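Here the structure is a predicted model, which is why all the values come from computation and not from measurement. Values below: all heavy atoms of this structure, side chains included; hydrogens, waters and symmetry mates excluded.
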Amino acid sequence: MKKDNIIPIILLAIALLALAAGIAFLNAWLIALCAVSTIIAVVALKSWYVVEALIFSHSGLVEVCNGYELGGSREAAIKREGYAFSATSAALVEGASKPIDRDIIEKIIAKTDFPFKIVMHVKNVRAEKVLGELKTKRAAKELELGRLAGYSKYESRRSALKREIEAINKDIETINSSSPKELIRYVATTAAAQNRIAAEEAAKRQLRELMGDFGAITGSAAKELSGEELLEAIGISA
């Protein structure tokens, strides 16, 4: 369980206990109030990352984790180094239409005048998610196969669909008997300055430029990370 979920889970537990008490004492007003509180707690649990971002961006609070500070937009992790500050920002790179090989990296280095990291990380994927996507894909192909039934002119397409469905079935069998993996790519950059705000803005500016370069050269999409996701990426790249 992520630590980010502890607060909304506690709120949900309190709301449920109060709701149970209201039902036990047959207090209509207490039941109604606790029912609303329970709904709010469930919504907070599902969208806690949004609530958390609003809290930190409007309250001036700073979260400290593993030596880094997160505050404001939480899009840069700040660390004090002597009399200066360093700020690190990171993004998830996905959907590249070209392989990110040595030649690609050298092109990006040639365009960039600040330090950055490219981190590749293999992680376990929830089998349910992958299986759901495969089953949806299989259902679409089976539907198309059914529409083409009885038309001899589409026999080659029907044969192709049958092979694709068979391949998907094999993938489903493989996933059911193993733990699927996913390759995750991060890019991260760090900037240093004499004050916190300057370091944070420089790191975010560098990351935006880096994201643009990756998108232009590889055709990828990059998602800027914040909060827990940012700290996770920094921990992997350390």
Side-chain angles (χ1 to χ4, degrees), residues 2 49 65-70 73-82 84-134 136-137 160 163-164 167-168 170-175 177-193 198-238:
K2 290 185 178 181
Y49 67 97
C65 185
N66 296 330
Y68 289 97
E69 295 181 2
L70 292 173
S73 65
R74 308 179 79 228
E75 293 171 350
I78 313 295
K79 179 178 283 189
R80 184 159 196 147
E81 297 182 343
F85 294 89
S86 69
T88 301
S89 293
L92 172 66
V93 178
E94 52 191 357
S97 59
K98 298 179 182 178
I100 302 178
D101 53 21
R102 182 173 179 174
D103 290 339
I104 291 290
I105 295 173
E106 287 179 352
K107 287 181 181 179
I108 295 174
I109 291 174
K111 289 172 60 66
T112 307
D113 58 0
F114 51 81
F116 67 90
K117 288 182 180 179
I118 301 174
V119 181
M120 287 182 278
H121 172 60
V122 177
K123 64 181 288 188
N124 290 329
V125 180
R126 287 183 57 193
E128 295 85 355
K129 176 185 175 182
V130 179
L131 286 172
E133 292 172 352
L134 286 174
T136 300
K137 187 177 179 180
R163 289 194 298 271
E164 290 171 8
I168 293 173
K170 288 181 179 178
D171 289 340
I172 291 174
E173 290 176 7
T174 301
I175 291 171
S177 60
S178 63
S179 178
K181 308 288 184 181
E182 182 181 10
L183 178 64
I184 306 296
R185 292 188 182 90
Y186 295 110
V187 290
T189 181
T190 300
E200 180 176 357
E201 290 304 314
K204 290 160 64 175
R205 183 177 62 252
Q206 289 176 186
L207 182 66
R208 286 192 291 268
E209 182 179 332
L210 193 57
M211 290 164 62
D213 290 340
F214 265 89
I217 295 176
T218 69
S220 63
K223 173 193 171 186
E224 190 170 355
L225 302 178
S226 64
E228 185 80 9
E229 291 181 325
L230 173 59
L231 291 175
E232 181 181 356
I234 292 174
I236 292 170
S237 64

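Pairing each heavy atom of Ser220 with each of Val93, the nearest pair is OG-CG1, 3.6 Å. Between Ala199 and Ala87, the shortest heavy-atom contact is O-CB, 3.3 Å. In terms of heavy-atom proximity, Leu207 sits nearest to Val187 at CD1-O, 4.0 Å. Between Phe85 and Arg80, the closest heavy-atom pair is CZ-NH1, 3.4 Å. Annotation for Leu230 and Ala77: closest pair CD2-N, 3.6 Å, computed over non-hydrogen atoms. Minimum heavy-atom separation, Asp213 to Lys111: OD1-CE, 3.3 Å.
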Open item on the list: Evaluate Arg205 against Arg208 for side-chain contact (heavy atoms from CB on, under 4.5 Å), listing each step before the verdict.
Closed with: CA-CA 5 Å; Arg205 183 177 62 252; Arg208 286 192 291 268; 4.1 Å; yes
TODO: Go through the steps to decide whether Lys137 and Glu133 satisfy the test salt bridge (Lys or Arg N to Asp or Glu O under 4.0 Å), and finish with yes or no.
DONE: CA-CA 6 Å; Lys137 187 177 179 180; Glu133 292 172 352; over 6 Å; no
TODO: Evaluate side-chain contact (heavy atoms from CB on, under 4.5 Å) for Thr190 paired with Phe114, printing each intermediate quantity in order.
DONE: CA-CA 8 Å; Thr190 300; Phe114 51 81; over 6 Å; no
- [ ] Start with the C-alpha gap between Tyr186 and Leu92, add the side-chain angles, then the distance that decides, and say whether side-chain contact (heavy atoms from CB on, under 4.5 Å) holds.
- [x] CA-CA 5 Å; Tyr186 295 110; Leu92 172 66; 4.0 Å; yes
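Here the CD1 atom belonging to Ile168 is positioned 10.0 Å from the OG1 atom belonging to Thr136, to the nearest 0.5 angstrom. Atom OG of Ser89 and atom CD of Gln206 lie 8.5 Å apart (nearest 0.5 Å). One finds the OG1 atom of Thr218 at 6.5 Å from the CD1 atom of Ile108 (value rounded to the nearest 0.5 Å). Taking CD1 of Ile109 as the reference point, atom CZ of Arg102 lies at 9.5 Å (rounded to 0.5 Å).
The only member of Glu229, Glu75, Glu94 that meets salt bridge (charged side-chain N to carboxylate O under 4.0 Å, His left out) when paired with Lys223 is Glu229.
Salt-bridge formation is detected for the pair Glu201/Lys204: a Lys NZ or Arg NE/NH1/NH2 atom is positioned less than 4.0 Å from an Asp or Glu carboxylate oxygen.
Using modelled atom types, no side-chain atom of Thr189 and backbone atom of Thr88 make a donor-acceptor pair closer than 3.5 Å.
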